[in-house]
Amino acid sequence: MKTYFVDSFTHQKFKGNPAAVCLPDSDLDEPTMQNVAMEIGFSETAFVRKIHEGQYSIRFFSPKQEIAICGHATLASAQIVFSLTDLDKIVFTNVNGVQLTTLRRGNKISMQFPVYPLAPLDVPDAMLAALGVTEIIHSAFCENLKIILLELTDNKILDALNPDYGSLLKSYQYINGVCVTARSTEEDFDFHYRFFWPWSGTSEDPVTGGVHTFLTPYWNAKLQKGNMKALQSSQRTGEMEVYQDGDQVVIIGQAVTMLEGVFFHLDV
């Protein structure tokens with residue numbers, strides 16, 4: 001199985017979020033895909049298969065479980081398929097039948113994701129304490145992705161967070177992660193964010209695209225701004241351009257292919 005490592009949402013090697021892109025010759029069962037994702041250990045591994053010209057199936061696995069939607073692994077997959085074909089447009093279909101359209105834009109790739117709603121949610125003090133947060137502006141919940149959104153008062157506080165992941169896991173059940181965000185004080189960006197997901201993946205996802213299904217509409221409503229630039233201020237950092245287009249969120253970013261290899265012994 002041809003396998004690629006790609007750093008997404010960056011133009012620099014060893015930055016952004018590394019994803020593995022696997023191109024199996026035949027359908028793999030879920031335990032095999034899960035084992036491959038565990039073996040690689042990235043926050044997500046994508047399995048991509050051609051359906052028709054320009055149409056591909058895509059499935060995402062963290063080291064713990066299958067993930068329905070993932071931005072950085074979609075970007076990585078588009079980067080690889082574009083590099084292997086003459087295509088300028090690819091439509092990926094995920095495990096739930098959601099179509100993710102990607103377009104080649106010079107050295108950048110544009111992705112279309114659905115818009116997901118947020119509902120108000122009160123979070124327990126134990127979660128805030130585990131994150132190291134003393135004050136929030138707003139809290140909400142995305143039922144589609146089972147992710148909590150927290151807006152902080154200052155992006156510098158956000159950037160410096162060092163959560164207690166054991167306490168964070170105990171503070172809330174039956175969610176996939178917590179997306180923490182703040183308005184940017186830097187002129188190059190409109191907002192910062194970070195994503196913690198010890199419930200379903202790694203402790204912190206270096207750069208996350210899927211949260212923009214609710215994060216971009218959230219900031220679009222607050223800032224009353226079309227095109228926005230977002231910085232995920234994790235240790236590796238990553239950035240992207242985002243905007244809302246009706247019931248779609250458009251995410252534009254770059255990716256760097258880091259490794260090409262072959263995965264052996266999948267039949268063992």
Side-chain angles (χ1 to χ4, degrees), residues 1 3-9 16-24 27-49 57-77 92-98 100 113 116 123-124 126-127 130-131 141-150 161-180 193-215 232 234-236 238 259 263 265-266 268:
M1 179 174 66
T3 302
Y4 302 83
F5 290 177
V6 181
D7 288 346
S8 293
F9 294 119
N17 197 353
V21 179
C22 299
L23 306 179
D27 286 333
L28 300 178
D29 58 35
E30 291 182 8
T32 298
M33 288 188 283
Q34 186 64 71
N35 282 333
V36 169
M38 290 172 60
E39 184 80 4
I40 292 173
F42 289 162
S43 58
E44 258 102 8
T45 295
F47 297 86
V48 176
R49 292 208 66 205
S57 65
I58 191 166
R59 294 181 72 172
F60 311 105
F61 285 80
S62 80
K64 291 185 177 180
Q65 66 187 48
E66 184 166 12
I67 304 296
I69 198 165
C70 175
H72 87 278
T74 301
L75 178 60
S77 299
F92 294 105
T93 303
N94 80 347
V95 68
N96 294 332
V98 176
L100 308 172
F113 276 62
Y116 290 148
V123 297
M127 173 174 281
L131 288 167
F141 185 64
C142 175
E143 175 65 33
N144 297 77
L145 300 182
K146 298 194 181 308
I147 293 174
I148 291 175
L149 170 72
L150 299 176
L161 290 180
N162 184 25
D164 177 340
Y165 291 105
S167 298
L168 187 60
L169 267 172
K170 296 175 184 177
S171 71
Y172 215 98
Q173 293 184 325
Y174 310 116
I175 61 172
N176 288 330
V178 178
C179 179
V180 187
Y193 69 105
R194 293 173 70 182
F195 183 55
F196 306 111
W197 66 323
W199 297 270
S200 55
T202 53
S203 294
E204 179 175 6
D205 195 31
V207 193
T208 316
V211 295
H212 283 285
T213 51
F214 59 84
L215 190 58
Q232 188 148 349
S234 63
Q235 183 176 3
R236 290 178 63 108
L259 179 146
F263 221 105
H265 306 305
L266 294 181
V268 175

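We count residues from 1, following the sequence as given.
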Item checked: Ion pair check, R236 and D7, cut-off under 4.0 Å -> yes
Note to self: Can you give me the closest heavy-atom contact between S203 and P198, atom names plus distance?
What the structure shows: O-CD, 3.7 Å
Notebook entry, point to check: Which atom pair, heavy atoms only, marks the closest approach of P206 to S43?
Noted result: CD-OG, 4.4 Å
Item checked: Any donor-acceptor pair under 3.5 Å from D164 side chain to A130 backbone -> no
Checklist line | Shortest non-hydrogen contact from P24 toward V48 | finding: CD-O, 3.5 Å
Checklist line | Straight-line distance of F263 CZ to L23 CG, nearest 0.5 Å | finding: 13.0 Å
Notebook entry, point to check: How far does CG of N144 sit from CG of N176, to the nearest 0.5 angstrom?
Noted result: 11.5 Å
Notebook entry, point to check: Would N35 and T32 count as having a side-chain donor-acceptor pair, cut-off 3.5 Å?
Noted result: no
Notebook entry, point to check: Mind checking whether V21 and T3 have side chains closer than 4.5 Å, heavy atoms only?
Noted result: no
Check: So, for V178 and W199, which heavy atoms are closest and what is the spacing to 0.1 Å?
Finding: CG2-CH2, 3.6 Å
Margin query: Is there a side-chain contact between I58 and T93 in this structure, where contact means two heavy atoms from C-beta onward sitting under 4.5 Å apart?
Written below: no
Item checked: Contact check, side chains of F47 and L28, non-hydrogen atoms, under 4.5 Å -> yes
Checklist line | Pairwise side-chain contact, L145 with F214, heavy-atom cut-off 4.5 Å (strictly under) | finding: yes
Margin query: Run the side chain to side chain contact (heavy atoms under 4.5 Å, CB included) test on M33 and E66 for me, step by step, so that the C-alpha distance in whole Å, both residues' side-chain angles and the decisive distance to 0.1 Å come before the verdict.
Written below: CA-CA 9 Å; M33 288 188 283; E66 184 166 12; 6.0 Å; no
Margin query: So V211 and I147, do their side chains get closer than 4.5 Å, heavy atoms only?
Written below: yes
Check: Taking all atoms of both residues into account, what is the closest heavy-atom pair of I67 and E44, and its distance?
Finding: CG1-OE2, 3.5 Å
Next item on the list: Output, in order, the C-alpha distance, side-chain angles, deciding distance and verdict of side chain to side chain contact (heavy atoms under 4.5 Å, CB included) for I69 and L100.
Entry: CA-CA 9 Å; I69 198 165; L100 308 172; 4.0 Å; yes
Margin query: Are F60 and H72 an aromatic pair, judged by ring center distance below 6.0 Å?
Written below: no
Checklist line | N162 CG: over 12 foreign heavy atoms closer than 6.0 Å | finding: no
Check: Looking only at heavy atoms, what is the nearest atom pair of L215 and C179, with distance?
Finding: CD2-SG, 4.0 Å
Next item on the list: Please answer whether the main-chain N or O of Q34 pairs with a side-chain N or O of Q65 as donor and acceptor at a distance below 3.5 Å.
Entry: no
Note to self: Would you say that F141 contacts L149 through its side chain, given a criterion of any heavy-atom pair below 4.5 Å between the two side chains?
What the structure shows: no
Check: How far does CZ of F42 sit from CG of D205, to the nearest 0.5 angstrom?
Finding: 12.0 Å
Margin query: Before you tell me yes or no, could you show the steps for K64 and T202 under side chain to side chain contact (heavy atoms under 4.5 Å, CB included), namely the whole-Å CA-CA distance, both residues' side-chain angles and the distance that decides it to 0.1 Å?
Written below: CA-CA 8 Å; K64 291 185 177 180; T202 53; over 6 Å; no
Checklist line | Y174 OH to K146 NZ distance, which is reported to the nearest 0.5 Å | finding: 11.5 Å
Checklist line | Rounded distance [0.5 Å steps], OH in Y165 versus OG in S171 | finding: 12.5 Å
Note to self: Looking only at the side chains, is there a donor atom on one of Y116 and H212 sitting less than 3.5 Å from an acceptor on the other?
What the structure shows: no
Next item on the list: Enter the distance from Y4:OH to C22:SG here, rounded to the nearest 0.5 Å.
Entry: 10.5 Å
Next item on the list: Go through the steps to decide whether T208 and W197 satisfy the test side chain to side chain contact (heavy atoms under 4.5 Å, CB included), and finish with yes or no.
Entry: CA-CA 11 Å; T208 316; W197 66 323; over 6 Å; no
Notebook entry, point to check: Does F92 reach the side chain of T74, with side-chain heavy atoms less than 4.5 Å apart?
Noted result: yes
Note to self: Does any part of the side chain of V98, heavy atoms only, come nearer than 4.5 Å to the side chain of F113, both counted from C-beta?
What the structure shows: no
Next item on the list: Look at the side chain of R194 and the backbone N and O of L161, then say whether any donor-acceptor pair between them is shorter than 3.5 Å.
Entry: yes
Checklist line | N17 and S8 side chains, donor-acceptor separation under 3.5 Å | finding: no
